[in-house]
Amino acid sequence: MNEILVAAKIISLEVNKAGIGGDILGLTGSINVHGEEVQKLDEFANSTFVHILSKSGTVCAITSEEMEKPVIIPEKKAGKYVFVMDPLDGSSNIDVNVSIGTIFSIYRKITPGSLVAETDLLQKGADQVAGGYIVYGSSTMLIYSSGSGVHGFTLDPSIGEFFLSHPDMKIPKQGNIYSVNEGNQLIWDSKQINLINYFKQIDERTKRPYKARYIGSMVSDFHRTLLKGGIFMYPKDHKNPNGKLRFAFEASPLAFIVENAGGSASTGEERILDIVPSNIHQCVPLYIGSREDVKTAESFLKD
Ligand code: AFP
C-alpha cells in the first residue's frame, strides 16, 4: 500500500500541473491493446506504477490495461502478490480538466514455486486481497478495501500525506441517480431501453424520475455512486457484445469495493465477483451501485 501511495502522489502532482510545466498533455501517437489512443499521462501513470512496484519486493507480476502482456518480476525481486491496474482511467477527460483516476486490485500468487502461471493472473474477482482506486479530482483521494469495510483517505498536498477522511464508507441502499452513456441508446437491446425508461418514469415512492449523471471517467462516476447511491451502467450493445469495460482493470476492483460498502455489482445476469476471467483484457457488461438499484436492473435484464 505504501508503494501505491507513493505512485499516487507522483501522478497526482503531474495531473495537477497538466497544461503547464512540460509536455504532458495530449496523445503519444500509439494505440493500446483495446484499440484506444494512448495519452501521455496514461503512459506516465503506467510506467510510474510499474517502476515503483517492480522494485518493491512485494509483487511477482503486474498486469495493466495499457500493456498487452504482464510484467513478470525477476525471481530475486519478486514478492507474493499480483498487481492489476488501470493506471489512468477516464483518460479522454485529461485534456478537459475533469476528474480521472487509477483503479487497482491485489491478488495473492496461488501457484507454488517461483514461476508465475496463468492461474495467478486470471483469478476470480472474489479472491482479491484488496481492491481500490485513487481519484484525482478537486482533491486526491484513495479509497480501498481489504475485505473488511471500505475506507477513504484524502491527500493533504501541503505535507504530502493521506489522512483517513471517510472511515467505514457505506453506499445508500437505494439512490436516485442513473449513470450511463445514453448516446448509445440506438445500439442497446430492448431490455436495456426498458430499464432506462423505468428510471425516467414518475413515482414518488421509488424516488423516480431518477437524475441522469455521466462523467465518462468510471472512477469519478463510481465515486459519486458510492457516496450518493444510485447505479452506474455500461451495458453490452450491438458494437460491444460484452460491454466496453475491462473485468480485471475496472469492473472487478470496483465490485469488490461496492460489495464491501453494502452495494452490489452484476453483469445483469451474474455477480461480477463470481467471474473467473479467461484473459486479462476480457470485457464485461457492468451494473454497479446501490443494492436495490442493481436488483431493479437485474429484474429487467434477466430472461
Ligand atoms: P478512457 O480511459 O479511454 O477515457 O475510457 C474510460 C472508460 O473506460 C471508463 O472510465 C468510462 O466509464 C468509459 O470508458 C466511457 O466510455 P464511453 O465514452 O463509451 O461512454
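Order of listing sets the numbers, starting from 1, for every ligand and every atom in it. Since the model is a prediction, treat every value here as computed from it, not as a measurement.
Interface of Arg246 with ligand 1, defined as ligand atoms under 4.0 Å from a residue heavy atom, comprises 8 (O). Close contacts between ligand 1 and Leu245 involve ligand atoms 8 (O), 9 (C) [criterion: under 4.0 Å to a heavy atom]. Residue-ligand proximity, Ser92 to ligand 1, at heavy-atom distances under 4.0 Å covers atoms 4 (O). Listed by atom number, the atoms of ligand 1 under 4.0 Å from Tyr234 heavy atoms are 16 (O), 17 (P), 19 (O), 20 (O). Counting atoms of ligand 1 from 1 in the listed order, those under 4.0 Å from a heavy atom of Asn181 are 17 (P), 19 (O), 20 (O). Each of the atoms 9 (C), 10 (O), 11 (C), 12 (O) of ligand 1 lies under 4.0 Å from some heavy atom of Met218. Ligand-side atoms of ligand 1 in range of Phe232: 12 (O), range being under 4.0 angstrom from any heavy atom.
Ring to ring, Phe153 and His166 are not that close: their centroids are 6.0 angstrom or more apart. Proximity of the aromatic rings of Tyr198 and Phe300 is defined here by a centroid distance below 6.0 angstrom, and this criterion is met.
By the 4.0 Å heavy-atom criterion, Asp221 is excluded from the residues contacting ligand 1.
Under 4.0 angstrom from ligand 1, there are no non-hydrogen atoms of Phe249.
In this structure, Tyr144 and Met1 have side chains that are in contact, with non-hydrogen atoms separated by less than 4.5 Å.
For ligand 1, the polar-atom distance check finds an N/O of Tyr214 within less than 3.5 Å of one of the ligand's N/O atoms. Taking distance alone, with nitrogen or oxygen atoms compared against 3.5 Å, Lys244 approaches ligand 1 more closely than that limit. Of the N or O atoms in Ser217, none lie within a sub-3.5 Å distance of an N or O in ligand 1.
Of the candidates Ile134, Val135, Leu155, Met141 forms a side chain to side chain contact (heavy atoms under 4.5 Å, CB included) with just one, namely Val135.
Remark: minimum distance from atom 1 (P) of ligand 1 to any protein heavy atom is reached at Ser91 N, 3.6 Å. Among all non-hydrogen protein atoms, the one lying nearest atom 11 (C) of ligand 1 is Gly216 O, 3.3 Å. The protein heavy atom nearest to atom 8 (O) of ligand 1 is Glu250 OE2, 2.8 Å.
Atoms CD1 and OG, from Ile288 and Ser264 in turn, are 8.5 Å apart once rounded to the nearest 0.5 Å.
Screening residues 61-87 for salt bridge (Lys or Arg N to Asp or Glu O under 4.0 Å), with sequence neighbours left out, gives Glu65-Arg246.
Remark: Lys302 does not engage Glu270 in a salt bridge, criterion side-chain N to carboxylate O under 4.0 Å. Ion pairing between Glu259 and Arg271 holds under the 4.0 Å rule for side-chain N and carboxylate O.
Between Phe222 and Tyr133, the angle of the ring planes goes over 60°, which puts this pair in the perpendicular group of the 30/60° scheme.
Qualifying salt bridge (charged side-chain N to carboxylate O under 4.0 Å, His left out) partners for Arg291, counting only residues two or more places apart in sequence or in other chains: none.
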